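Just below is one structure, and these are the notes that go with it.
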Amino acid sequence: MYNRYESRCRDMAQIAGKRSAMAHRTDPRIARTDQALAQAILELASQRPVSQITVADLADRAGVTRATFYNRYSSPLELLIQLLYADLERGHRREDARRAEGRYSAAQMLRLATGEVADHVERFMAVYQHALRDPADDGVYEALVRHFTDYSLAFIARTTHPDLPRTKHQVVAQFVAHGFAGAIKAWLSDDSVTKTDLVEAAVACAPVWWA
């Protein structure tokens, strides 16, 4: 099981490296360093909470100096969140592509979008489980809530549904975000809850205007 997860870490790190290479076409060394750091943080965060990972641990695993790390990031948490957000954004781009096709109903789009997030959490299951089980490590969960809040605000901004609440959109977005993040936390905290359970519950509890 760990070998499978380690392979995923390498895959995600390679994606990070390719993005970095596009941004720094003249210096492939930068891309290799970014890829090494990405793989290192994903591997370490799958073994213990990110709050227990030091910059020295990360630099040693990636084979770089601490100065090299600090030239890019302020903390291991910042790097980890950047990678998690990047993966979530890839799912949102697939959602946008499906929406542009116009072949899916609102109900199908909701289920597919929820499934994309569930797939993301499953890909990084060990990372999220370690983060949620450590009282000192609330950064990952808070980042997830922020991401869902931003996503909800963007959705609210473009929806024309007549039942959209006429109240402060920031509060509505926070309500939706905390509810979805809470459902994910329930899934990760209870072995009897499956990914399908998460998707079904989220779809069933989605506001009527989320269409």
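Any value given below was found using the heavy atoms of this structure, including those in side chains, with hydrogens, waters and symmetry copies removed. For clarity, every value in this text was computed on a predicted model and none was experimentally measured.
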Please confirm whether the backbone N or O of Tyr85 pairs with a side-chain atom of Glu89, one donor and one acceptor, at under 3.5 Å?
-> no
Shortest non-hydrogen contact from Ala45 to Leu80?
-> CB-CD2, 4.0 Å
Which distance, rounded to the nearest 0.5 Å, do you find between the OH of Tyr128 and the CG of Leu84?
-> 4.0 Å
Passing candidate, side chain to side chain donor-acceptor pair (under 3.5 Å) with Asp96, options Arg93, Arg99, Arg98 = Arg99
Residue pair Arg146 / Ile81, side-chain heavy-atom distance below 4.5 Å | yes
Side chains of Glu95 and Glu116 in contact at under 4.5 Å (non-hydrogen atoms) | no
Connected via hydrophobic side-chain network under 4.5 Å: Leu153 and Leu110 = no
Measure from the side-chain N and O atoms of Ser152 to the backbone N and O of Phe148, and report whether any donor-acceptor pair falls under 3.5 Å.
-> yes
Measure across Val193 and Trp187 and return the closest heavy-atom pair with its distance rounded to 0.1 Å.
-> O-CD1, 3.2 Å
Which atoms form the tightest heavy-atom contact between Arg29 and Arg32, and what is the distance?
-> CG-NH2, 3.0 Å
Kindly give the heavy-atom pair with the smallest separation between Val199 and Gly115, and that separation in Å.
-> CG2-CA, 4.2 Å
Check for a donor-acceptor pair, side chain of Ser189 on one end and backbone N or O of Lys185 on the other, with a separation under 3.5 Å.
-> yes
Say you draw a straight line from OG1 of Thr114 to CE of Met109; how long is it, rounded to the nearest 0.5 Å?
-> 10.0 Å
Is a side-chain donor-acceptor pair under 3.5 Å present for Gln174 with His178?
-> yes
Leu83 with Leu44, same ILVMFWY side-chain cluster at under 4.5 Å = yes
Counting distance only, does the side-chain N/O of Asp137 pair as donor-acceptor with the main-chain N or O of Pro49 below 3.5 Å?
-> no
Do you know which two heavy atoms are closest between Asp87 and Phe124, and how far apart they sit?
-> OD2-CE1, 3.4 Å
Checking side-chain contact (heavy atoms from CB on, under 4.5 Å) for the pair Arg72/Ile30: CA distance, chi angles, key distance, verdict?
-> CA-CA 10 Å; Arg72 290 164 167 76; Ile30 295 176; 3.7 Å; yes
Close side-chain approach of Val117 and Phe180, heavy atoms under 4.5 Å = yes
Is it possible for you to say whether Leu132 and Leu42 belong to one hydrophobic cluster, with membership spreading through side-chain heavy-atom contacts below 4.5 Å?
-> yes
Does a side-chain heavy-atom distance below 4.5 Å link Ile41 with Val50?
-> yes
Derivation and outcome, side-chain hydrogen bond (donor to acceptor under 3.5 Å, both in side chains), residues Thr68 and Asn71 | CA-CA 5 Å; Thr68 296; Asn71 283 337; 5.2 Å; no
Inspect the surroundings of CZ in Arg94 and state if more than 12 heavy atoms from other residues, nucleotides or ligands are less than 6.0 Å away.
-> yes
To the nearest 0.5 Å, how far apart are CG in Leu37 and CD in Gln82?
-> 10.5 Å
CD (Gln47) and CD1 (Ile53) are apart, to the nearest 0.5 Å, by 8.0 Å
If you draw a 6.0 Å radius around CZ in Arg166, do more than 12 non-hydrogen atoms from other residues or ligands fall strictly inside?
-> no
Which heavy atom of Pro165 sits nearest a heavy atom of Trp209, and at what distance?
-> CD-NE1, 3.3 Å
Derivation and outcome, salt bridge (charged side-chain N to carboxylate O under 4.0 Å, His left out), residues Lys195 and Asp119 = CA-CA 8 Å; Lys195 182 171 72 171; Asp119 289 343; 2.7 Å; yes
d(Leu77 CG, Ser51 OG) to nearest 0.5 Å is 9.0 Å
On the 0 to 90° scale, with breaks at 30° and 60°, tag the His92-His147 ring pair as parallel, tilted or perpendicular.
-> parallel
Apply side-chain contact (heavy atoms from CB on, under 4.5 Å) to the pair His169 and Leu164, showing each step before the final yes or no.
-> CA-CA 9 Å; His169 289 171; Leu164 178 68; 3.9 Å; yes
So, Asp57 side chain and Thr54 main chain: donor-acceptor pair closer than 3.5 Å or not?
-> yes
Indicate, with yes or no, if Trp210 and Val145 share a hydrophobic cluster defined by side-chain heavy-atom contacts under 4.5 Å among Ile, Leu, Val, Met, Phe, Trp and Tyr.
-> no
Apply the test side-chain hydrogen bond (donor to acceptor under 3.5 Å, both in side chains) to residues Gln39 and Gln35: give CA-CA distance (whole Å), side-chain angles for both, the deciding distance (0.1 Å), then the verdict.
-> CA-CA 6 Å; Gln39 183 171 342; Gln35 182 175 335; 5.1 Å; no
From CG (Leu188) to OH (Tyr141), nearest 0.5 Å | 10.0 Å
Leu112, Leu88: one ILVMFWY side-chain cluster at the under-4.5 Å cut-off?
-> no
Are side-chain heavy atoms of Leu79 and Leu58 found at a separation under 4.5 Å?
-> yes
N-O pairing of Arg111 and Glu200 below 4.0 Å = yes
